[in-house]
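Chain A is the first sequence line, chain B the second, and so forth, proteins listed ahead of strands; every chain is numbered from 1.
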Amino acid sequence: MDRYIEQAASEIPQLIGIFVTAMPDSLLFSSWVRDGTEWSPEDVAAYFGDLIRANRQGLKALGSWSSEMQVTIESAESLVVLRELSSDFVCGCVFERSAPLGMVRLNLKRLLERVGQALPKVQAEDRPRGTRIMEFLDRYAPDPHAVTLRVSLRAGISIDDLKSPGALSVDQVRRLEETACKILGVHQLSL
Amino acid sequence: MAIEDLRGLFAEQSLTFLAGIPYVYHCHHYNLFHDQTIDDALGEVEGARVRTIAAHNAFREFLSAVFAQAGATTPAERISLASEVFAWMGQGKLSLSVTPGGGAARSPSLHYGYAWREKYGSRVKRTEPADAVAAGFAAAATELAFDLPLDSISVIEHRCVAAREAECEFALTPSTGHAAKPAIDEATVRRYVAPPVRGVDEDRIVQISNGLLEFMRGVQGDERGLVAAFNVFVAAHLPGYYNETVYETMHRVERTAVDSVPAIEALMREAGQVCVFSTFGNVLLSPEWEGLVGPPTGVPTDVMSFCTAIARGLGFGHWLISAYEPGKRLVLRCTSTYEVPFYRSRYGVAKKPRSYFVQGAALAMMVLAESVKWTERPQLTNNYYVELFRGKPRYRVEQTKCMMRGEALSEYVVDAL
């Protein structure tokens with residue numbers, strides 16, 4: 001997969017990086033970044049996946065969601081376009097800020113077609129909610145170094161049990177989720 | 001009387017006093033982590049209650065001594081002096097509008113709320129107020145201004161900068177008073193120290209810590225009542241607050257949720273790590289430190305001596321290096337800490353080692369001495385903290401002696417794993 005992405009990317013000079021995120025867990029599936037770029041592909045892919053999920057839920061709340069949705073972010077340094085390739089994969093492309101929008105759209109269409117063709121057909125695994133909550137906390141909790149201890153103390157779940165979050169009981173997962181919401185200051189987790 | 005003139009020093013034990021009441025310096029990273037741990041253990045409502053009571057008690061002791069030493073007798077004098085001292089400490093600029101029946105207080109810049117918004121505001125939405133310390137201070141100041149008994153004023157913070165309000169606001173209302181416990185003052189502290197012992201590199205540590213103590217004499221709140229120094233917000237603080245919150249919370253968890261004891265003990269130790277990384281580390285990288293000691297050398301034995309000197313300079317007590325083998329072992333000892341007098345006079349002799357803060361600090365000193373490339377002047381960011389302290393542990397710490405347990409001194413052994 002990386003080879004296909006690399007080939008596709010080499011034809012677009014203003015492309016800085018591509019990140020393919022496997023959903024629903026927002027895990028990095030494949031990536032390419034231009035030489036000299038010091039990004040953490042795992043982190044970027046996870047944030048892009050979460051962003052698409054939040055966007056999907058927001059649009060659904062507005063009654064205007066469609067599977068063709070695309071998120072475009074214009075920052076000072078770059079132009080980011082996120083697109084759902086299928087229900088299992090999200091692709092995020094980062095272009096130089098100076099890239100003309102028309103060219104970006106044209107290149108993006110070709111790029112996404114090539115990436116889409118190279119993606120495998122997968123059966124999404126329903127990973128345990130406990131595992132996904134802990135991974136979510138890892139990404140967003142304000143003190144990630146202390147998050148397991150904080151969850152243990154708040155939720156009354158032993159540190160040993162939290163080492164295997166996939167094996168938590170239903171009640172433990174409920175308490176874990178409540179605690180995660182409290183730590184993050186949100187009403188519900190976007191998982 | 002100038003506030004600086006209220007300072008006192010028990011030099012051979014590196015303990016500092018204001019109007020005869022112990023005080024120390026801590027940074028906002030430590031303070032926020034400390035309060036967060038209390039709330040993690042007790043929940044937001046009970047956590048805030050415990051923290052407010054502790055602040056109320058600590059500032060009641062402290063302001064009472066300040067007013068006595070300064071000869072402040074009228075309500076106007078006392079309210080004015082209390083606000084001035086609070087801002088001088090770096091706790092924030094708080095306007096009090098009170099009568100014997102209560103009143104209100106407000107501030108756009110309190111150490112806790114302001115620093116919380118700076119550190120976490122872009123990542124977490126907070127709904128609970130963050131300024132239990134200012135709340136307790138406001139209640140204590142109001143009571144003492146009008147010669148009211150302890151707890152005759154209760155206080156609630158109903159707007160907070162940390163919850164994205166423009167200002168923090170407090171409502172003070174009448175309550176039922178009760179008798180105060182005896183103050184932990186300098187005389188009490190002197191009963192719970194051991195004769196000072198010389199450690200490794202003692203002469204240099206004494207010289208540097210004296211220089212730092214002298215430097216800290218000039219540190220005071222700016223026009224916001226905040227102290228922005230060493231790349232952090234620093235505040236002069238009352239150990240009574242830290243001690244009461246830590247030990248009341250620990251004891252409660254031990255009584256009611258024994259399975260959670262390992263987690264809260266680990267978090268209390270982690271608070272010590274956070275302190276050493278954020279405060280000690282930023283002091284070591286500061287221009288002020290370079291002016292005092294010179295540029296960072298990155299030599300582990302230097303870093304260890306410097307950290308020990310910083311602990312003394314911040315008023316943490318007489319910490320000394322008993323033995324240090326770089327990369328292998330540290331034996332840190334204390335003949336005094338700011339925790340022991342409180343614990344012994346309030347609770348008696350502890351059944352197990354209780355100095356969680358120094359346990360975490362000792363481990364962090366080992367990590368800072370061994371793993372940080374000081375000559376490259378790294379940014380001490382949260383990500384760097386995670387990089388250093390998360391993952392497979394490289395050291396373990398054990399407190400082998402504890403003055404709270406009645407032993408002659410406290411000892412902390414850090415071993416490489």
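Atom-to-atom distance recorded for A:Thr179:OG1 and B:Asp40:CG is 9.0 Å, nearest 0.5 angstrom. One finds the CZ atom of B:Arg269 at 9.0 Å from the CG atom of A:Leu149 (value rounded to the nearest 0.5 Å). Atom NE2 of A:His145 and atom CG of B:Leu388 lie 11.0 Å apart (nearest 0.5 Å). Atom CD1 of residue B:Ile264 and atom CZ of residue A:Arg150 lie 12.5 Å apart, to the nearest 0.5 angstrom.
Between A:Gly185 and B:Val124, the shortest heavy-atom contact is N-CG1, 4.1 Å. In terms of heavy atoms, A:Ala141 sits closest to B:Arg123 at O-NH2, 3.5 Å. Contact record, B:Ser260 with A:Ser152: OG-O, 4.3 Å, taken as the closest heavy-atom pair. Among all heavy-atom pairs drawn from B:Leu267 and A:Ala146, the shortest one is CD2-CB, 3.9 Å.
For CZ of B:Arg396, the number of neighbouring non-hydrogen atoms (other residues, nucleotides, ligands) closer than 6.0 Å is 12 at most. Within a 6.0 Å radius of CG in A:Leu27, other residues, nucleotides and ligands contribute more than 12 heavy atoms. For B:Lys352, the NZ atom sits in a packed shell: over 12 heavy atoms of surrounding residues, nucleotides or ligands are nearer than 6.0 Å.
Of the two parts of B:Phe389, neither the backbone nor the side chain holds a non-hydrogen atom closer than 4.5 Å to a non-hydrogen atom of chain A. Of the atoms belonging to A:Leu184, it is backbone heavy atoms, and not side-chain ones, that fall under 4.5 Å from chain B. In this structure, no portion of B:Asp259 lies under 4.5 Å from any heavy atom of chain A. Proximity to chain B is limited to the backbone of A:Ile183, based on heavy atoms less than 4.5 angstrom apart. With a 4.5 Å cut-off on non-hydrogen atoms, B:Ala41 touches chain A through its backbone and its side chain both.
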B:Gln36 vs A:Asp143, side chain to side chain contact (heavy atoms under 4.5 Å, CB included): CA-CA, chis, key distance, verdict: CA-CA 10 Å; B:Gln36 177 180 278; A:Asp143 292 311; 3.2 Å; yes
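The residue among B:Lys119, B:Glu44, B:Arg126, B:Lys125 with the most heavy atom pairs within less than 4.5 Å of chain A is B:Glu44.
Using a 4.0 Å cut-off between charged side-chain N and carboxylate O, B:Glu128 and A:Lys182 make a salt bridge.
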